[in-house]
Amino acid sequence: MRVPHMHQRMAELAEYAETTHLNQVIDGDMAVGIVTSGVSYQYVREVFADAAILKLGLTYPLPAKMLRQFAGRVKKLFVIEELDPFLEENIKVLGIQIEGKQHVPRWGELNKAAVHQSSHKAGIATLIDSIEEAKPVEDLPGRPPLLCPGCPHAGAFFVLSTIGQRSKILDAKGRSEGESKLIITGDIGCYTLATYPPLRAMDTTACMGASIGQAIGIEKAGTSSNVVAVIGDSTFMHSGMTGLVDAVYNNAKITVVILDNGTTAMTGHQDHPGSGISAQGEATNKVVLEKIVSAAGVANLATVDAFDIKAVRSAIRTALDSGQLSVVIVRGKCAVINKLRKNQRQVDLQLCNNCDVCITIGCPAIKKQDGKLTIDISTCMGDECGICQQICPKKAISPISREKVK
Ligand SMILES: Cc1ncc(C[n+]2csc(CCOP(=O)(O)OP(=O)(O)O)c2C)c(N)n1
C-alpha cells in the first residue's frame, strides 16, 4: 500500500517548499505584498516597480510558514494569478487574509494592462506609475489560421463544406443564414482549423475523442440533419475507438470520417499505434485502422485517397445516403513530413473566370492579388496534392513545367 508513502512525500515536499530557491521573497515597499507565480510575476514586475513580492515557483504544496511571515510583514496581501483562484483559495485555507479574484479577471490571459486595472480597482494604485497600455499594431494583413498547402485534411473538409452548403449558410462574419444539411462534430488536431472560413466545416470541438460521442448524442436527440464526426488517426487511437464501439452498440446512424495522415501532426509528428514506429523510434506492430473499425462491427467502411476528391466525395455521399453507421477513412501523408514536391500548379488566367472555387479549399499557396489568382510555387505541393486542379470548373489549373519552376 503506497498511501502512507504518498502522505510522507507530501510532508517532505511541504518542508522543501519552505527552503527551495523556487519560492522567493523580493523585498520592496511593504504597503502591499503581492503573491504571484509564473508569467503573472512578469506582469507584476512591470506594473509594480518597487512592490514586495512573494514569487512562488512551487505552488503545491504551498510554503505555509513563508506565506505567514510575508503576510505579517506587509499591510495588505494581494494575489495576482491567471484563471481560477487556486493560490488565493489555498492561502485562505491557511487562515491568511488575502484579496485577489474580486479584482483580477477570472478568465483570459493576464497582461500588463489587466494587472494595472485590477490593482487600481483593488485600491493599491498608489504603487503604480503611469502605465502605457500595449496597443495592437494596425494595418497588419489579415491572416486567418489555415491548414498547410497540400494538407491531406483539406479535401475532405472541402467536400463536407460543399455537401453541407456551409459557404452559403454563413455570411462573411460567420452569422447563420439558415440550417445546414450536415452537423459536423470535430475533434482535436490540425483539422480543428477547418472550423474557420473558408472551410467552416466543424460545429463542435471539445477534447480529444469527443467528436464521436457528441455525434451519437446529437443523432439520438433526433436532429433532422445528417451527423458527421471528424477525427484524426492519432486521436482515434487515443480515445476515438471507445466512441465508435458506443456508436455500434447504440446503433447510431452517423458517419465517422477518420483523417489518417499517418502521424500526430499538431503536436510535432509523434508516432502512434497506427504509425508502426514505437515511441523509442523502432519498428513495431502496426495497429490497422480498418481492422479495428471492422472488428467493432461497422459494416459500412471505405478507405479513400485524401487527394482524390471524386473518391472522397463519393465515399462520404455513399456513407450519408446509407442512413447507417458508416466510417470513411481518408488517407494521405501529412504535407509537413512529405518532402516530395514536383509539378507545382499554375493558373491559366485566360481560362480562369474568377469563380473562386479554388479559394474555398483554404490552401495558403493559392492567392488572389489585384483580382488575379496565382499559386505560390515555393509552397505548392504539386503532384502530391493537385486538389485545386481537380475542383477547378474551368480547368484553368495545370502542372507548371520544370523549366518554369527553375
Ligand atoms: C488529452 C489530450 N492529450 C494530448 C493533447 C495534445 N494534442 C492536441 S492534438 C493531438 C493529436 C493530434 O493528432 P491527430 O488527431 O492525428 O491529428 P493531426 O494533428 O495529425 O491532424 C494531441 C495529442 C490534447 N489536446 N488532449
Side-chain angles (χ1 to χ4, degrees), residues 83 109 144-161 184-196 198-215 228-247 254-281 284-293 296 303-307 312 316 327-339 361-365 379 381 384-385 387:
L83 307 175
E109 288 177 14
L146 294 169
L147 294 167
C148 300
C151 175
H153 303 333
F157 284 111
F158 171 77
V159 166
L160 288 171
S161 180
I184 305 169
T185 59
D187 229 295
I188 313 284
C190 291
Y191 43 87
T192 314
L193 292 171
T195 307
Y196 299 105
L199 291 164
R200 293 171 170 154
M202 204 170 270
D203 296 306
T204 67
T205 309
C207 62
M208 275 184 81
S211 59
I212 303 179
Q214 288 179 327
V228 178
V230 182
I231 186 166
D233 51 337
S234 168
T235 301
F236 182 80
M237 292 290 177
H238 171 268
S239 49
M241 54 178 99
T242 43
L244 189 67
V245 169
D246 186 10
I254 60 169
T255 295
V256 177
V257 175
I258 305 177
L259 299 170
D260 180 11
N261 60 359
T263 188
T264 317
M266 190 184 199
T267 47
H269 299 99
Q270 291 82 7
D271 283 294
H272 63 67
S275 71
I277 309 284
S278 72
Q280 289 73 30
T284 186
N285 299 320
K286 186 173 173 154
V287 179
V288 180
L289 280 173
E290 283 85 342
K291 286 189 183 168
I292 293 184
V293 173
T303 301
V304 283
D305 175 352
F307 298 107
V312 174
I316 292 179
V327 174
V328 179
I329 299 173
V330 180
R331 185 165 286 144
K333 200 169 182 174
C334 170
V336 176
I337 49 178
N338 190 355
K339 300 286 174 233
I361 323 165
C363 174
T379 49
M381 292 290 288
E384 295 301 304
C385 171
I387 291 180

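Throughout, residue positions are numbered sequentially from 1 according to the sequence presented. In each ligand, atom 1 is the first atom listed, and ligand 1 is the first ligand listed. Excluded from the calculations below are hydrogen atoms, water molecules and symmetry mates; all remaining heavy atoms, backbone and side chain alike, are included.
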Who's the nearest protein heavy-atom neighbour of [atom], and how far?
atom	result
atom 15 (O) of ligand 1	Thr235 OG1, 2.5 Å
atom 17 (O) of ligand 1	Tyr191 CE2, 3.1 Å
atom 5 (C) of ligand 1	Met208 SD, 3.4 Å

Problem set entry | Exercise: do Thr264 and Ser234 side chains pair donor with acceptor under 3.5 Å | yes
Exercise. Is it the case that Thr303 and Glu290 place a side-chain donor and acceptor less than 3.5 Å from each other?
Worked result: yes
Exercise. Using heavy atoms and a threshold below 4.0 Å, how should the contact between Asn261 and ligand 1 be classified: side chain, backbone, both, or neither?
Worked result: side chain
Problem set entry | His153 contact mode with ligand 1 (heavy-atom cut-off under 4.0 Å) | side chain
Exercise. At a 4.0 Å threshold, what atoms of ligand 1 neighbour a non-hydrogen atom of Ala265?
Worked result: 18 (P), 19 (O), 20 (O)
Problem set entry | Atoms in ligand 1 with a heavy atom of Ile188 nearer than 4.0 Å | 8 (C), 9 (S), 11 (C), 12 (C), 15 (O), 25 (N)
Extract all donor-acceptor atom pairs below 3.5 Å that involve side chains of residues 204-212 and protein atoms in other chains or at least two apart in sequence.
residue : atom : partner : partner atom : Å
Thr204  : OG1  : Gly186  : N            : 3.3
Thr204  : OG1  : Gln214  : OE1          : 2.7
Ser211  : OG   : Asp187  : OD2          : 2.5

For [X], is at least one N or O under 3.5 Å away from an N or O on ligand 1?
X	answer
Met266	yes
His238	no
Thr267	no
Cys190	yes
Thr264	no

Seminar exercise, completed: Filtering Cys207, Cys334, Gly209, Ser234 for the heavy atom nearest atom 13 (O) of ligand 1 leaves Ser234
For this session: Take atom CD of Gln270 as the centre, draw a 6.0 Å sphere, and report whether it contains more than 12 heavy atoms from other residues, nucleotides or ligands.
Result: yes
Write down the atom of [X], the atom of [Y], and the distance for their closest heavy-atom approach.
X	Y	result
Val312	Ala306	CG2-O, 4.0 Å
Pro198	Ser161	O-OG, 4.4 Å
Thr263	Cys334	CG2-CB, 3.9 Å
Ala156	Leu259	CB-CD2, 3.8 Å

Exercise. Taking it one step at a time, do Ser275 and Lys286 satisfy side chain to side chain contact (heavy atoms under 4.5 Å, CB included)?
Worked result: CA-CA 6 Å; Ser275 71; Lys286 186 173 173 154; over 6 Å; no
